[in-house]
Number of protein chains: 2
Amino acid sequence: MALRRRKNKAPPLDGECPLMACMKLLGGAWTPNIVWYLSAGPRRFSELRHDIPGVSSKVLSARLKELVEKGVVSREVRPTSPPSVEYALTEIGAQLVPVIDAIVAVGKRLKEEKARASSRSRQAPDRLVLAED
Amino acid sequence: MALRRRKNKAPPLDGECPLMACMKLLGGAWTPNIVWYLSAGPRRFSELRHDIPGVSSKVLSARLKELVEKGVVSREVRPTSPPSVEYALTEIGAQLVPVIDAIVAVGKRLKEEKARASSRSRQAPDRLVLAED
DNA sequence: CCGTATCCCTGGAGATACTG
DNA sequence: CAGTATCTCCAGGGATACGG
């Protein structure tokens with residue numbers, strides 16, 4: 001007990017495993033984007049591919065598969081003339097949206113801070129944009 | 001107009017770059033844990049190392065460095081007899097805590113869902129506790 | 001249109017050992 | 001105590017090409 005340092009030790013992280021699982025999920029490349037672009041409604045493969053610039057079909061397919069497996073996204077094949085597949089967020093998937101939102105918010109703040117800091121050391125960089133480190 | 005599919009296209013994700021930046025941050029192994037364990041107050045290197053079982057000093061050090069650089073964590077060296085260093089969340093870092101919380105929450109739900117699904121194939125668990133692990 | 005299959009390659013993470 | 005230094009390993013992701 002001697003150690004006063006232990007005063008405010010955080011609880012054991014409500015459950016590390018869930019954290020890991022969920023982080024592994026949206027840790028995957030493009031995953032947050034996929035969820036985000038599904039947040040406005042169902043979307044087809046090609047649409048997503050077009051929505052998200054720079055994602056390869058391989059990765060998109062892989063992420064989608066994972067998401068479906070984990071129960072975050074639903075997949076519906078529609079037997080139309082040209083075969084089409086609709087992906088949509090499940091209820092659980094929808095819970096991810098505010099999370100992503102929050103992450104983006106923090107990301108923005110991080111950027112602003114950094115810009116503020118670099119503008120302080122230099123003079124007024126009227127043209128010098130923050131060269132991403 | 002033809003395309004009705006474009007009906008509810010999500011906005012271009014408020015800023016992809018911030019997302020990427022932030023995800024890269026807490027995408028790093030153990031990062032969420034570090035932030036979490038700092039959320040209850042300042043903590044020293046060894047304490048964190050002890051708090052988080054399985055993390056190597058190398059990784060802990062690396063993550064900490066990143067977090068300090070990004071402005072999420074502050075580092076204070078105290079010139080005491082045995083040299084000690086205190087890490088703490090900055091204000092921005094504190095904003096990450098609810099995010100992690102939310103992620104954990106979703107992770108739990110994911111797990112419950114999965115348990116529920118597998119229990120369906122087995123028998124009826126009338127007393128299904130969510131074995132937090 | 002909706003993916004899967006390959007190859008390659010990089011960075012991140014574990015283990016271990018060592019310094020101020 | 002608080003890290004840094006190496007080394008190795010491999011999953012994950014980009015590019016490209018092909019199949020249903």
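Each chain gets a letter, A, B and so on, in the order its sequence line appears, and its residues count up from 1. Everything quoted here is computed from the prediction, not taken from an experiment.
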Looking only at heavy atoms, the pair that brings A:V77 and A:P79 closest together is O-CD, 3.7 Å

Contacts of A:P83 and A:A62 projected onto DNA chain C by closest heavy atom; the upstream (5') one is A:P83

To the nearest angstrom, the CZ-C1' distance between B:R49 and C:dG14 comes to 12 Å

Given the rule in the side-chain contact (heavy atoms from CB on, under 4.5 Å) test, do A:W36 and A:D101 qualify, once you have shown the distances and angles that lead to the verdict? CA-CA 9 Å; A:W36 178 261; A:D101 235 4; 3.6 Å; yes

In whole angstroms, the gap separating C1' of C:dT19 from NZ of B:K58 amounts to 17 Å

Query raised in the report: Does the distance from a Lys or Arg side-chain N to an Asp or Glu carboxylate O, for B:R109 and B:E112, drop under 4.0 Å?
Result: no

- request: Using a cut-off of strictly less than 4.0 Å, decide whether A:K65 has a side-chain nitrogen or oxygen near OP1 or OP2 of C:dT4.
  value: yes

Note: chain B reaches DNA chain D at heavy-atom distances under 4.0 Å over the stretch, first to last nt, 5' to 3', of D:dC1 to D:dC7

Closest non-hydrogen atoms of A:Y87 and A:L38, given as atom of the first, atom of the second and distance, are O-CD2, 3.4 Å

| field | pair B:I103-A:M23: side-chain heavy atoms closer than 4.5 Å | value | yes

Taking only side-chain N and O atoms of B:R63, does any of them lie within less than 4.0 angstrom of OP1 or OP2 on C:dA13? yes

Nearest heavy-atom contact between A:R49 and A:V55 is NH1-O, 2.7 Å

Taking five pairs at each terminus, the helix from C:dC1-D:dG20 to C:dG20-D:dC1 shows an axis bend, to 10°, of 50°

Q. Within the pair A:R44 and C:dC2, is there a side-chain N or O less than 4.0 Å away from OP1 or OP2?
A. yes

Correct closest heavy-atom pair for B:L96 and B:C22 would be CD1-SG, 4.3 Å

The correct set of residues in residues 22-29 of chain B placing a heavy atom under 4.0 Å from DNA chain C is B:K24, B:G28, B:A29

- Task: Given side-chain contact (heavy atoms from CB on, under 4.5 Å), test A:F45 with A:L60 step by step and report yes or no.
- Result: CA-CA 8 Å; A:F45 190 87; A:L60 180 55; 4.0 Å; yes

Separation of C:dC2 atom P from A:D51 atom CG, nearest Å, is 13 Å

Nearest heavy-atom contact between A:S39 and A:V97 is CB-CG2, 3.6 Å

- prompt: Going through the distances and angles, do A:V35 and A:V99 end up as a side-chain contact (heavy atoms from CB on, under 4.5 Å)?
  reply: CA-CA 11 Å; A:V35 173; A:V99 175; over 6 Å; no

A:R78 CZ to C:dC1 P, in whole Å, measures 16 Å

note: A:Y87, atom OH; C:dC1, atom C1'; distance rounded to Å ~ 12 Å

At under 4.0 Å between heavy atoms, what does B:S57 touch on the DNA or RNA strands: base, sugar-phosphate, or nothing?
-> base

#### Entry: Test log, rule side-chain contact (heavy atoms from CB on, under 4.5 Å), inputs B:V72 and A:V106
CA-CA 10 Å; B:V72 171; A:V106 174; 5.9 Å; no

For A:W30 and B:M20, the nearest pair of non-hydrogen atoms, with its separation, is CZ3-CE, 3.7 Å

Per nearest nucleotide of DNA chain D, the residue lying toward the 5' end, A:V59 or B:V85, is B:V85

Atom CG of A:L64 and atom C1' of C:dT4 are separated, to the nearest Å, by 14 Å

